[in-house]
Amino acid sequence: MRAPVGEGKQRLLEALFEEFGQNGPSPNLSMRQVAERLGVHHTLLTYHFGSRPGLLRAVLLEARRRDNLVIAATGDELGFVALCRAVWSFYSDPAHEDRTHAFFHLVGLAVYEREAFQELVVDIDHLERLLEAAALRDGATETDARQQSIIATACLRGLLLQRLLSPTSEVDAAAERFITSLAAFQGEGHAPSTQ
């Protein structure tokens, strides 16, 4: 058993990633089981994260923050379509499947308990902002860039959910078709108009 970590929330998050990897603890583990693996008392986890969904939310937010840094690092120079393809490639990678499961689990909870998951609701808009910035770099108007980023984010998330429910090559082909359709509507480097 690992020596107890400090009481800081960030330090606990680091310990969670060290112990459980980038996807964090399985949703099937209790708070007591997670605490035991970390070598801390379960009340420390409850103090910092509140509940098992709270702990999963914190881990997912930290994982998404790290993911977004990776995507943003490549995305600073990518156009809208290329960034959509990079986002799909990243999140459809089987190595991220547990995280994708956790994301949709928590989003489902957020639909019913928006106040309790407000931090998650705000955080998931970060992907839209990355795509919006890419569309602006491509020459889209502010309105078109915002609307196109919402459409692309919703479609990519819907396709990821479909991939979890029906993991077939058809879903990947549909994602490629959607991303290619974005390129087909672009003219002279501008994101497609949503009017």
Side-chain angles (χ1 to χ4, degrees), residues 13 17 21-24 57-108 110-111 114 117-195:
L13 279 172
F17 281 102
Q22 289 299 306
N23 293 322
R57 178 182 62 228
V59 169
L60 182 64
L61 287 171
E62 178 62 16
R64 288 178 52 76
R65 184 190 70 76
R66 294 175 182 195
D67 294 347
N68 287 338
L69 289 174
V70 171
I71 293 169
T74 60
D76 283 346
E77 297 179 14
L78 294 180
F80 183 77
V81 174
L83 185 55
C84 285
R85 186 169 279 113
V87 167
W88 174 259
S89 294
F90 187 89
Y91 285 111
S92 65
D93 184 330
H96 299 131
E97 189 170 310
D98 285 345
R99 196 172 329 165
T100 305
H101 277 276
F103 172 79
F104 284 111
H105 173 76
L106 292 174
V107 166
V111 169
R114 187 177 176 92
F117 291 89
Q118 189 60 35
E119 187 181 4
L120 175 69
V121 172
V122 170
D123 181 73
I124 62 177
D125 287 342
H126 188 262
L127 179 58
E128 286 176 19
R129 290 191 299 275
L130 287 176
L131 290 170
E132 183 178 355
L136 288 169
R137 283 193 302 276
D138 283 352
T141 66
E142 286 186 25
T143 300
D144 282 349
R146 178 74 183 131
Q147 291 176 1
Q148 196 60 33
S149 71
I150 292 169
I151 292 167
T153 301
C155 289
L156 291 170
R157 285 189 182 137
L159 286 161
L160 280 171
L161 179 58
Q162 184 65 33
R163 194 171 193 276
L164 290 177
L165 297 172
S166 303
T168 67
S169 60
E170 289 182 12
V171 178
D172 291 317
E176 182 55 36
R177 186 172 183 173
F178 167 68
I179 293 167
T180 301
S181 75
L182 295 174
F185 286 108
Q186 287 186 316
E188 299 176 12
H190 296 275
S193 175
T194 54
Q195 295 180 348

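In this text the structure is predicted, and so the values were computed from the model without any measurement.
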Which atom pair, heavy atoms only, marks the closest approach of [X] to [Y]?
X: Ala134; Y: Gly79; value: CB-C, 3.9 Å
X: His96; Y: Phe90; value: ND1-O, 2.6 Å
X: Phe80; Y: Ala135; value: CD1-CB, 3.7 Å
X: Ala174; Y: Leu159; value: CB-CD2, 4.1 Å

Let me confirm one number: the [atom1]-[atom2] distance from [X] to [Y], rounded to the nearest 0.5 Å.
X: Arg146; Y: Arg129; atom1: CZ; atom2: CZ; result: 8.5 Å
X: Leu160; Y: Leu165; atom1: CG; atom2: CG; result: 11.0 Å
X: Leu182; Y: Leu83; atom1: CG; atom2: CG; result: 11.0 Å
X: Gln162; Y: Glu170; atom1: CD; atom2: CD; result: 10.0 Å
X: Asp144; Y: Glu142; atom1: CG; atom2: CD; result: 10.5 Å
X: Trp88; Y: Glu176; atom1: CH2; atom2: CD; result: 10.5 Å

Are the side chains of [X] and [Y] in touch, meaning some heavy atoms are under 4.5 Å apart?
X: Thr180; Y: Arg85; answer: yes
X: Leu131; Y: Gln148; answer: no
X: Thr100; Y: Arg163; answer: no

(request) Output, in order, the C-alpha distance, side-chain angles, deciding distance and verdict of side chain to side chain contact (heavy atoms under 4.5 Å, CB included) for Leu127 and Arg157. (result) CA-CA 11 Å; Leu127 179 58; Arg157 285 189 182 137; 4.1 Å; yes
(message) With a 3.5 Å distance limit and no angle check, can you tell me whether Thr153 reaches the backbone of Ile150 through a side-chain donor-acceptor pair?
(response)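 Not a single qualifying donor-acceptor pair exists.
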